[in-house]
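Heads up, the thing below is written out as structure tokens.
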Amino acid sequence: MTDFYCIIRNNKIVKDGVVLFEQENKPDNDFLTEAYDKLGISYPKFYKMDRLSKLGFIAAELLLSTIQGKYQADELAIVLSNSNSSLDTDLRFWDSVKTQASPSLFVYTLPNIVIGEICIRHGIKGENLFFVSPQFDSDWISSYVDMLLVGKKAKFCLAGWIDILADRADVFLYLTDKSISSSKISERYHSWNN
Amino acid sequence: MKKVWLLADSIISPLGFSTEDNFMQVMAGATGVKQTDFFGDQKVCVSHLIDLKPTAHFTRFEIVALHALNELKRQVKLPSKRTLFILSTTKGNIDVLENGQPDHPRIHLHAVTAMLAKELSIEKSIVVSNACTSGNVALIVAKRYIERGVFDHAVVLGADVLSKFVISGFQSLNAASPEPCKPFDINRSGINLGEAASAVLLTSKPQEFEIEKKISILGGGISNDANHISGPSKTGAELAMAIKIALDEAHVRHEEVDFISGHGTATVYNDEMEAKAFNLSNLSATPLHSLKGNFGHTLGAAGVVETVLSAISLKNQQLFPTYGFEKLGVSQPINILKKSQLKSIRLGLKTASGFGGCNATLVLALEN
């Protein structure tokens with residue numbers, strides 16, 4: 001059974017309970033760039049991404065490397081959620097409108113763009129969708145993932161929560177090919193909270 | 001799996017405040033798209049609900065959304081128990097930024113959704129925000145939960161309003177046409193934005209309502225291009241994949257599809273990609289229409305608006321014309337009607353594609 005998860009919050013990156021990267025007192029963007037450098041991969045598009053996409057890119061990189069070569073393009077589904085949609089980038093884009101509207105910011109003013117970036121990077125063509133809810137809703141996400149896996153809409157699901165606004169990032173992504181109980185997902189989401 | 005019925009619906013747009021009014025206007029060849037300088041110095045062509053204003057309690061987005069819900073409530077007593085409420089939107093109340101209210105509590109999509117769900121006394125609500133496929137995706141999500149019996153009913157609301165935020169964004173991408181848009185036409189030059197709201201009641205228990213069941217949702221499919229975040233696939237293979245998933249789920253063969261309600265945004269690349277996808281799906285001869293010339297591109301509302309119009313098209317046995325289309329301008333053969341047509345039809349395919357590379361398709365059926 002495939003079962004991996006990744007948490008990015010409080011300037012820490014944790015995979016399956018192990019801290020992979022930690023950088024105290026750094027603004028989020030510096031933290032993300034340093035984390036990207038630490039991953040040791042070369043993907044120049046990373047630098048043009050907004051912060052939501054950078055977070056998703058890093059978490060997906062850590063999780064999807066575990067199943068490389070084990071799925072066809074249409075066998076992996078991505079189901080993400082957050083509370084702030086793309087507001088972090090919306091505010092930056094709206095700032096640009098006051099002088100000259102920035103097309104490179106505008107394309108990131110939708111929450112599902114992070115899914116698009118992950119799909120491009122990994123050649124994923126399966127089901128993909130973005131929910132917005134006030135908090136991480138483990139019942140909702142796990143039930144939707146179950147429907148996809150049981151209904152054979154996907155062999156693997158990359159799912160979870162990816163939220164950023166101002167100086168607060170909160171990412172919990174998991175990768176699975178089997179049903180995982182909502183309580184177990186919730187327990188993992190709430191780990192590494194300090 | 002339980003059958004999922006589309007039992008009641010509404011559309012609020014500049015063409016009318018009910019599904020029937022919008023249907024009659026489309027059949028009569030009307031458009032809500034007009035040139036305006038309302039949203040800034042540059043002239044734009046948009047479909048604008050100019051008479052709907054915010055109130056002391058509600059934003060413009062909320063006023064438009066509430067009109068759609070109220071029109072639905074006029075037809076049917078909406079259920080609240082075992083009911084799911086889904087809001088499909090891209091930007092919700094984003095215009096509070098230009099009104100100088102960045103701290104407005106309902107700038108958050110989940111907060112405006114909770115408020116609307118409370119108006120309907122529905123406990124469980126969620127937002128689907130998947131760019132221009134949001135409406136189709138929201139209907140697919142609702143179908144999945146209802147057919148498995150997790151919920152008995154769902155109210156799905158698609159809504160987006162015009163804002164300087166969105167208009168300036170599309171202008172910055174050179175994607176907004178200053179002229180009325182021309183889907184699939186040789187002279188097409190980009191999209192017209194529009195605003196609308198559309199609501200539907202889906203249910204597996206039509207016997208609980210005093211409305212005759214006619215339209216069912218038979219299948220849904222979602223895919224990603226994995227190509228570009230703001231440009232469509234070069235081949236259309238991924239939209240074709242979403243079409244295949246929906247047809248397979250519906251147990252429908254391509255030759256049984258009576259019409260396609262396409263996305264047809266009138267950008268050079270989108271319409272070309274769709275033509276390729278329909279050919280890959282053996283649907284090149286199937287009557288195809290785009291409603292963007294009538295309504296503009298209403299973003300998160302579009303999928304719901306166009307699904308509802310597909311449903312009334314089935315009920316009336318009428319195929320839609322494509323407003324703005326004159327001469328074919330894509331590299332593959334497709335069958336676009338310039339005039340409406342009476343025809344015996346049973347199955348409709350609704351497709352959409354959007355930023356982030358997403359595609360989502362639905363199969364609708366007129367049942368005996």
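Remember, it's a predicted structure, so these values are computed and weren't measured experimentally. All values below were derived from every heavy atom in this structure, side-chain atoms included, with hydrogens, water molecules and symmetry-related copies excluded. Residue numbering restarts at 1 for every chain, and letters A, B, ... go by the order of the sequence lines.
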For A/Lys48 and B/Ile229, run side chain to side chain contact (heavy atoms under 4.5 Å, CB included): C-alpha distance rounded to whole Å, both residues' side-chain angles, the deciding distance at 0.1 Å, then the answer.
CA-CA 12 Å; A/Lys48 70 161 182 77; B/Ile229 54 167; 4.2 Å; yes

Given side chains that start at C-beta, do those of A/Phe106 and B/Ser168 come closer than 4.5 Å, heavy atoms only?
no

Would you say NZ of B/Lys244 has more than 12 non-hydrogen atoms from neighbouring residues, nucleotides or ligands within 6.0 angstrom?
no

Given the options B/Ile140, B/Ile245, B/Ile222, which has more heavy-atom pairs under 4.5 Å with chain A than any of the others?
B/Ile222

A/Phe4 atom CZ, neighbour heavy-atom count above 12 within 6.0 Å
yes

Option in B/Leu109, B/Leu173, B/Ile126, B/Asn174 with maximal non-hydrogen atom pairs under 4.5 Å from chain A
B/Ile126

Close side-chain approach of A/Phe131 and B/Val128, heavy atoms under 4.5 Å:
yes

Part of A/Tyr144 within contact of chain B (heavy atom distance under 4.5 Å):
both

Does A/Glu22 have more than 12 heavy atoms from other residues, nucleotides or ligands lying within 6.0 Å of its CD?
yes

Is A/Lys98 atom NZ crowded by more than 12 heavy atoms from other residues, nucleotides or ligands, each under 6.0 Å away?
yes

CA sep, side-chain torsions, deciding dist, call: A/Trp94, B/Ile94, side chain to side chain contact (heavy atoms under 4.5 Å, CB included):
CA-CA 10 Å; A/Trp94 183 242; B/Ile94 199 69; over 6 Å; no

So, A/Asp146 and B/Arg148, do they make that salt bridge, N to O below 4.0 Å?
no

Quick check: closest heavy atoms across A/Cys119 and B/Ala226, and the distance to 0.1 Å?
O-CB, 3.4 Å

Tell me if the CD atom of B/Gln42 is crowded by more than 12 foreign heavy atoms within 6.0 Å.
no

Under a 4.5 Å heavy-atom cutoff, which of B/Cys358, B/Ser172, B/Gly356 has the most pairs with chain A?
B/Ser172

Any non-hydrogen side-chain atom of A/Ile120 less than 4.5 Å from a side-chain atom of B/Asn224?
no

Is there a side-chain contact between B/Val150 and A/Ser143, using heavy atoms and a 4.5 Å cut-off?
no

What's the shortest heavy-atom distance between A/Val132 and B/Ser129, and which atoms?
CG2-CB, 4.3 Å

With a 4.5 Å heavy-atom cut-off, do B/Glu249 and A/Lys153 have their side chains touching?
yes

Is there a side-chain contact between A/Asp137 and B/Lys124 (heavy atoms, below 4.5 Å)?
yes

Is chain B contacted by the side chain of A/Ser133, its backbone, both, or neither, given a heavy-atom distance below 4.5 Å?
both

Part of B/Leu87 within contact of chain A (heavy atom distance under 4.5 Å)
neither

Answer with side chain, backbone, both or neither: which region of A/Ser86 has an atom nearer than 4.5 Å to a non-hydrogen atom of chain B?
side chain

Which of the residues A/Asn128, A/Val107, A/Leu129 is involved in the greatest number of heavy-atom pairs with chain B at under 4.5 angstrom?
A/Asn128

Against chain A, work out which of B/Asn359, B/Ile86, B/Asn227, B/Val137 has the most heavy-atom pairs shorter than 4.5 Å and name it.
B/Asn227

Find the one option among A/Thr109, A/Val114, A/Val97, A/Asp74 whose heavy-atom pairs under 4.5 Å with chain B are most numerous.
A/Thr109

Around B/Glu123, counting heavy atoms of other residues, nucleotides and ligands shown, do more than 12 lie under 6.0 Å from its CD?
no

Contacting region of B/Lys164 [heavy-atom separation from chain A under 4.5 Å]
both

Out of B/Thr133, B/Val166, B/Asp225, B/Val141, return the one with the most heavy atom pairs under 4.5 angstrom to chain A.
B/Val141

Have A/Ser85 and B/Lys91 got a donor and an acceptor in their side chains that come within less than 3.5 Å?
no

As an exercise: rank B/Gly357, B/Ser134, B/Ser223 by heavy-atom pairs under 4.5 Å with chain A and give me the winner.
B/Ser223

Go through the atoms of B/Glu98 and report whether side chain, backbone, both or neither lie under 4.5 Å from a heavy atom of chain A.
both

Relative to chain B, which segment of A/Leu87 carries a heavy atom at a distance below 4.5 Å: side chain, backbone, both, or neither?
side chain

B/Leu299 portion near chain A, given a 4.5 angstrom heavy-atom threshold
neither

Side chain, backbone, both or neither: which part of A/Phe93 has a heavy atom under 4.5 Å from chain B?
side chain

The interface call for A/Leu76 against chain B, heavy-atom contacts under 4.5 Å, is neither

Among the listed options A/Pro134, A/Ala73, A/Ala101, A/Gly116, the residue most often paired with chain B at heavy-atom distances under 4.5 Å
A/Pro134

Would you say CD of A/Gln68 has more than 12 non-hydrogen atoms from neighbouring residues, nucleotides or ligands within 6.0 angstrom?
no

